[in-house]
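Here's the structure we're looking at; comments come further down.
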Amino acid sequence: MIQALDGIEGGKPALLCLAGNLCSPMVFDRFQVSDFMQKVRLDYLGTPGPWDVDSIGWEIVRFINKLGNIPVILAGYSAGGVIAISAASKSPEQIAGMALSNTGPCSNGHGSPGFALELKEHFGDKAYMRSFLASCFYRAPEEAVLEALWQYARCVKPEAAVEVSASLRQVDYREVLKRYRGPVSVIHGKLDTRRGIDSVEMICASLPQAEVTLLETGHTPMWEDALGYQEALERLIARVFTKGQ
């Protein structure tokens, strides 16, 4: 069962935030949302499993069902973006909008194709894990931030992280994603060495309605350029709530 890390206010439109594999949902803390919305960070790694992105996508759909009839925008990056794409491909009518960052509908062009095997081998290696977490940013974050990220990652079940990583390299949502017709914002850190501009192009090929914003960041733009991310997100929210008016 998906875990909400923030209290949920009934009847209020929600931005549901999905972080990358092993990355704490705290990366969504630095930007604000409009007063009429609520930001809810979700944790999919603390669930009993299964942890493949297709199953987690269904869990997101069930989570949205429980929220009732409120507009929901999914904000996902990296593996969290794949999970958002997975959910949108399954139940497109339930998702009012999507903000996708440094992710893609398949793993073509991914800069770390063998990461699942590396992770399985080195999960207990603190130096390896901290190096991986630091590489999620173009410029390494402050030591206190890196330590907080490490404290989150070290508590994740190894089998959960490995299954997420392996499964996102097996799926291909490019065709089924075309079912989604709602507003989309692709907010991409263009200095990322894992997901390049080809990932942006793949998303836009499936979702031609997407608005693209390129930021001068690495893999985690919502943390590295919170203001730039927030401005792009506000444009998406405006599109969602003016649609059809």
Side-chain angles (χ1 to χ4, degrees), residues 2-20 23-44 57 60-88 91-103 137 141 145 148 180-190 200 203-204 207-217 219-245:
I2 297 296
Q3 298 175 337
L5 302 182
D6 304 287
I8 300 176
E9 186 176 340
K12 193 172 186 178
L15 178 76
L16 303 183
C17 301
L18 294 155
C23 200
S24 168
M26 67 174 278
V27 297
F28 289 100
D29 288 354
R30 298 186 75 183
F31 68 89
Q32 305 297 317
V33 296
S34 303
D35 290 341
F36 74 92
M37 291 198 71
Q38 55 185 325
K39 178 170 61 175
V40 181
R41 300 163 303 160
L42 302 181
D43 188 359
Y44 54 85
I60 295 296
V61 171
R62 286 187 279 271
F63 183 89
I64 294 171
N65 280 337
K66 293 178 181 178
L67 295 179
N69 189 28
I70 64 170
V72 167
I73 298 174
L74 295 182
Y77 93 100
S78 193
V82 180
I83 291 167
I85 287 170
S86 172
S91 190
E93 69 283 351
Q94 289 185 274
I95 299 165
M98 285 197 294
L100 301 173
S101 297
N102 296 74
T103 191
F137 306 84
V145 174
Y180 184 74
R181 303 298 177 85
V184 179
S185 181
V186 179
I187 313 171
H188 186 85
K190 65 181 182 179
V200 175
I203 294 173
C204 292
L207 300 171
Q209 73 272 32
E211 176 188 283
V212 176
T213 300
L214 298 179
L215 299 178
E216 295 283 338
T217 75
H219 194 59
T220 312
M222 69 290 303
W223 181 272
E224 298 178 72
D225 184 358
L227 180 58
Y229 183 91
Q230 180 175 317
E231 289 173 349
L233 184 63
E234 287 173 349
R235 292 194 298 272
L236 171 66
I237 292 170
R239 289 169 63 200
V240 167
F241 289 99
T242 59
K243 185 181 178 183
Q245 295 184 5

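Since this is a predicted model, take the numbers as computed values, not measurements.
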Mind checking side-chain hydrogen bond (donor to acceptor under 3.5 Å, both in side chains) for [X] and listing every partner two or more places apart, or none if nothing turns up?
X    : value
D43  : Y152
E234 : Q230
E9   : none

If you take all heavy atoms of [X] and [Y], which pair is closest and at what distance?
X    : Y   : answer
Y44  : A19 : OH-O, 2.8 Å
T103 : V82 : OG1-N, 3.1 Å
L74  : A87 : CD1-CB, 4.2 Å
A14  : I70 : CB-CD1, 4.2 Å
C17  : K39 : SG-CG, 3.7 Å
V40  : G7  : CG2-O, 4.5 Å

Just by distance, no angles: are the side chains of R239 and S185 close enough, under 3.5 Å, to form a donor-acceptor pair?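 No, because no side-chain N or O of R239 sits under 3.5 Å from a partner of the opposite role on S185.
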I8 and F63: side-chain contact (heavy atoms from CB on, under 4.5 Å), yes or no, with the steps? CA-CA 12 Å; I8 300 176; F63 183 89; 3.7 Å; yes
Find the distance between [atom1] ([X]) and [atom2] ([Y]) and round it off to the nearest 0.5 Å.
X    : Y    : atom1 : atom2 : answer
I2   : I64  : CD1   : CD1   : 10.0 Å
E231 : T213 : CD    : OG1   : 9.5 Å
T217 : H188 : OG1   : NE2   : 8.0 Å
I83  : L18  : CD1   : CG    : 6.0 Å
L215 : L227 : CG    : CG    : 9.5 Å
D225 : E216 : CG    : CD    : 9.0 Å

Counting C-beta onward and ignoring hydrogens, is there a side-chain heavy-atom pair between P221 and N102 closer than 4.5 Å? yes
So do L207 and V186 actually touch side chain to side chain, heavy atoms under 4.5 Å? no
Could you go through residues 94-101 and list every donor-acceptor pair under 3.5 Å that involves a side-chain atom there, pairing it with any protein atom two or more places apart or in another chain?
{"unit_1": "Q94", "atom_1": "OE1", "unit_2": "S91", "atom_2": "OG", "d": "2.4"}
{"unit_1": "Q94", "atom_1": "NE2", "unit_2": "N65", "atom_2": "OD1", "d": "2.2"}
{"unit_1": "S101", "atom_1": "OG", "unit_2": "I187", "atom_2": "O", "d": "2.7"}

Could you tell me which residues satisfy ring-ring contact (aromatic ring centres under 6.0 Å, His included) with H219, sequence neighbours excluded, listed by chain and number?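 Listed in chain order: Y77.
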Could you go through residues 24-37 and list every donor-acceptor pair under 3.5 Å that involves a side-chain atom there, pairing it with any protein atom two or more places apart or in another chain?
{"unit_1": "S24", "atom_1": "OG", "unit_2": "M26", "atom_2": "N", "d": "3.0"}
{"unit_1": "D29", "atom_1": "OD1", "unit_2": "R41", "atom_2": "NH1", "d": "3.1"}
{"unit_1": "R30", "atom_1": "NH1", "unit_2": "W223", "atom_2": "O", "d": "2.9"}

Are any side-chain N or O atoms of Q209 and backbone N or O atoms of V184, one a donor and one an acceptor, separated by less than 3.5 Å? no
